[in-house]
2 protein chains.
Amino acid sequence: MKRVYNFNAGPSAMPLEVLKQVQQEFLDFAGTGMSIVEISHRSAVYQDMQDDTVAMLRRLLEVPAGYHVVFMQGGGSMQFLMHGANFLKQRGGYINTGVWSTKAMQAAAFVGEVYEIATSGDKNFSYIPRSDTFVIRPDTDYVYITSNNTIHGTEWKKFPKFNIPVICDMSSDFLARPIDVSRFDLIYAGVQKNLGPAGVVAAIIKDSFLETARTDIPVMLQYKTFTEHDSTYNTPPVFCIYFVNKVLHWLENQGGLEKMQERNAHKAQIVYKTIDDSAGFYIGHAAMDSRSNMNVTFNLRTPELEKKFLIEADAAGFVGIKGHRSIGGCRASLYNAVTEEACAALSEFMQNFQKNN
Amino acid sequence: MKRVYNFNAGPSAMPLEVLKQVQQEFLDFAGTGMSIVEISHRSAVYQDMQDDTVAMLRRLLEVPAGYHVVFMQGGGSMQFLMHGANFLKQRGGYINTGVWSTKAMQAAAFVGEVYEIATSGDKNFSYIPRSDTFVIRPDTDYVYITSNNTIHGTEWKKFPKFNIPVICDMSSDFLARPIDVSRFDLIYAGVQKNLGPAGVVAAIIKDSFLETARTDIPVMLQYKTFTEHDSTYNTPPVFCIYFVNKVLHWLENQGGLEKMQERNAHKAQIVYKTIDDSAGFYIGHAAMDSRSNMNVTFNLRTPELEKKFLIEADAAGFVGIKGHRSIGGCRASLYNAVTEEACAALSEFMQNFQKNN
């Protein structure tokens, strides 16, 4: 069986072991005589699986008491709307680090007043703003941040402390490193980077924050609908949650989040070193102190050379190296399931391309 | 491999041939060297698959020009909100045939004025109201109907003509019979009955109706966002759409919707005949002229006997026979993928149970 080197930004590479497990039991889930796609979400066998998924997430992330874990549909884009609809009352403060936080702010602007606490827009979102530049206005309901910026390739290395609630979109580095959940009031993540197939968002919500949520909004936009009905107010995306369950077990078997963080840092280092050792042949987009371990973004000297690089990378079996359509250039996404071997192969390819050009 | 008789109301039985195909190619989609869950929704190979899915849906349903076909997340419950948010300006008229139309009406009431054009609530939603009872008030923006009522086991056999726009929730009999799409302005269906895994809604929207939609609502609640971005404004639920694609091809291979209608009528007849021949041992819930070919709902004479029946049915490998938690009793859901053999086996079981009790 041929497997390519998959550097897609999301949907993205999944662990081969998980894919094989899902394949193997696809006609008969847990001895039910039914496929996972055929079982009722009101059955005990489904509920057990979902309970286990929540428990695994809690264990891996060490989620403290006083938080709910839920699954929702609609992707990050629906969260861009929901977080504001639920929690924006006076004004929402955003640390704008790229396309996704901009979109979140725009969606919340539909609900009420929003403003930038800080932005790295002055340098094409190539860095994470320093906390001493933050200006938080009075009556700000929450600080909104994006932990990893898929498009620009930056990542918060440390999360600053705030004395107001913190909402964090962790879509692209969720479960790629340990997180102190107690520092956040709402964490959400579309799972299609590190955790599973597109179609489900995992969210971790602090109960005391949830109690402050607006209730004058439609039922399907209220986080409470999902917490109070244990993610089954209506039919959940069963297959996606099931797949996430498998990946969570895989993560635990790999040694958990500290191990993943270590491995991800090592993988990213392989590619960043190739860039740094290229004497300017490859030009990293992100500032050194803000480099993402998930998405390595870089350019070549000219658009022509970039084009040639992308064509040859594709021909050599490296998938997904083209940068996001909004900024162009190149990008290698190195999520949990991307192997060290794939990173080494990419590094070798980059070095050879440099020699030949 | 053991396969049970799956009469789940949704998620529900899927065609075994499709399950096997999905399993077989799960590690390598279309020769990409990636699983379907690993491919980018911005890739040509994804777009081709989605285009084919839309084309298949158009072909099977003979969707006329002037309509868009889109895929969305959030299930029917999100549609309960979206249809009102987009199209309710003065008042929305509902033909209330059960739990789902009630929920749709309640969700739309958040947006504006709603009322019942007719209801069968007087007899526990056991029938479809006659069109000569409809009272449509002036300035009604649309008529809303539910084509098949999963919980109560009723189904519109013919759709009346209206001279205002018609919105129809076809979740539970979508692609189970031919439909004259030109009679509708918005059709939507959660796919987890006849078409695929929970997690995607298919919708068919008339362009001229869409032009009347409200634009003063959030982007993610606008149908236009999905039509204008060809269902990929944000990451679509790739696996679900892919699975639907397989089922659509299976439907075509089965002979299309007329063939399915014929087969579904025959399957339902097997179970209804068992009820009708039981001399009152089994009591059908739906009025004869409103009986659903998708969901056969019935009771036994006493709750004790019903309980015994459900326990023995379960032990004999008939899954999902318990009625919806909101009305109780028994229900056999006979969607496209449920075989005639399964219906015959259920009938035999029911007859034997009657003999022994």
What residue in A:A198, A:S40, A:P197, A:P218 has the most heavy-atom pairs under 4.5 Å with chain B? A:P218
Which answer fits B:F80, side chain, backbone, both or neither, if we ask what part of it has an atom under 4.5 Å from a heavy atom of chain A? neither
To the nearest 0.5 Å, what is the distance between CD (A:E38) and CG (B:L19)? 5.0 Å
For chain A, find which of B:Q73, B:M72, B:K322, B:K103 contributes the most heavy-atom pairs closer than 4.5 angstrom. B:Q73
What closest approach, in Å, do A:F110 and B:D216 show between heavy atoms, and which atom pair accounts for it? CZ-O, 3.1 Å
If you tally heavy-atom pairs under 4.5 Å between each of A:R42, A:Q192, A:Q24 and chain B, the highest tally belongs to A:R42
Nearest 0.5 angstrom please: B:F239 CZ to A:F239 CZ, how far? 3.5 Å
If one checks every heavy atom of A:Y46 against chain B at 4.5 Å, the contacting part turns out to be neither
Answer key: most heavy-atom pairs under 4.5 Å with chain B among A:V319, A:I217, A:V22 is A:I217
Could you state the interatomic distance from OG (B:S35) to NZ (A:K20), rounded to the nearest 0.5 Å? 12.5 Å
Which answer fits B:A107, side chain, backbone, both or neither, if we ask what part of it has an atom under 4.5 Å from a heavy atom of chain A? neither
When only pairs under 4.5 Å are counted, which of B:N6, B:V238, B:L81 shares the most heavy-atom pairs with chain A? B:N6
A:P11 and B:V37 have their tightest heavy-atom pair at CB-O, 3.7 Å
Give the member of A:G10, A:G75, A:S77 that has the highest number of heavy-atom pairs under 4.5 Å with chain B. A:S77
For chain A, the option from B:P237, B:C240, B:S43, B:S12 that forms the most heavy-atom pairs under 4.5 Å: B:S12
Here the gap from B:M220 atom CE to A:L221 atom CG, rounded to the nearest 0.5 Å, amounts to 10.5 Å
When you compare the side chain of A:V219 with that of B:Q106, does any pair of heavy atoms fall below 4.5 Å? no
Could you give the distance from CE (B:M34) to CE (A:M14), rounded to the nearest 0.5 Å? 12.5 Å
Straight-line distance of A:K2 NZ to B:T32 OG1, nearest 0.5 Å: 7.0 Å
